[in-house]
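Model, not experiment: these values are computed from the prediction.
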Amino acid sequence: AACACDSAYTAAIRPGLQLLLQDGIFPIIRFQQHDLKLWQEDPEEFVRQMHNDFDSFREPRTAAGELVERLIRHREDEILTPLL
C-alpha cells in the first residue's frame, strides 16, 4: 500500500490498474456470504475483524483494502472516477 503515493510505482502499474482493481482486488474485499453470517451472529467480532490494524501484514483482504484507500487518497481522479 505504501507504493500508492510513489509516482514511479503508480506509473508502472497505471496501465493495468483498473483491471487489477476490478478482477483482483475488489473480489477480495467485497462483502461476502461469510461476512453476512458473522455480522448476524456476532457483530462485534465482525467489526473487530474489519478494523484490526495488525491484519494488513497477514490478511490479503485487509492489505487490499488499505491499497484501495491509499490509491484513492493519493490518486483520487485516476482511481475513483473510472469506478463510478
Side-chain angles (χ1 to χ4, degrees):
C3 69
C5 58
D6 187 315
S7 297
Y9 285 116
T10 305
I13 64 171
R14 184 177 290 128
L17 187 57
Q18 290 305 317
L19 185 63
L20 176 66
L21 288 168
Q22 254 181 304
D23 297 341
I25 294 177
F26 289 146
I28 293 172
I29 62 175
R30 73 171 181 248
F31 192 81
Q32 298 178 13
Q33 190 66 32
H34 62 87
D35 296 321
L36 177 60
K37 183 178 178 184
L38 181 58
W39 173 255
Q40 291 171 337
E41 293 174 1
D42 191 353
E44 288 181 17
E45 178 62 16
F46 175 83
V47 171
R48 189 193 67 72
Q49 286 184 15
M50 292 292 113
H51 298 287
N52 186 345
D53 292 338
F54 299 108
D55 275 351
S56 63
F57 298 108
R58 62 183 180 160
E59 290 292 328
R61 185 179 197 182
T62 305
E66 285 182 13
L67 175 61
V68 170
E69 179 184 327
R70 288 186 186 183
L71 283 168
I72 290 172
R73 186 181 315 143
H74 296 284
R75 310 277 183 220
E76 182 176 351
D77 293 338
E78 297 172 44
I79 305 303
L80 195 55
T81 303
L83 296 176
L84 299 175

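Leu20 CG to Gln18 CD: the interatomic distance, rounded to the nearest 0.5 Å, is 9.5 Å. A distance of 12.5 Å separates CG of Leu67 from OG1 of Thr62, quoted to the nearest 0.5 Å. Interatomic distance, CG of Asp23 versus CD1 of Ile28, reported as 11.0 Å (0.5 Å rounding). One finds the CD atom of Glu41 at 12.5 Å from the CZ atom of Phe46 (value rounded to the nearest 0.5 Å). With rounding to the nearest 0.5 angstrom, the CD atom of Glu59 is 11.5 Å from the CD atom of Glu66.
Judged as a side chain to side chain donor-acceptor pair (under 3.5 Å), and not counting sequence neighbours, the contacts of Glu45 are Arg48, Gln49. When the salt bridge (charged side-chain N to carboxylate O under 4.0 Å, His left out) test is applied to Asp42, no partner is found at least two apart in sequence or on another chain.
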Which pairs would a plain distance check flag for residues 29-36, meaning a side-chain donor or acceptor within less than 3.5 Å of a matching protein atom at least two apart in sequence or in another chain?
unit_1	atom_1	unit_2	atom_2	d
Gln32	OE1	His34	NE2	3.2
Gln32	NE2	Pro27	O	3.1
Asp35	OD1	Arg61	NH1	2.7
Asp35	OD2	Gln32	N	2.8
Asp35	OD2	Arg61	NH1	3.1
Asp35	OD2	Arg61	NH2	2.6

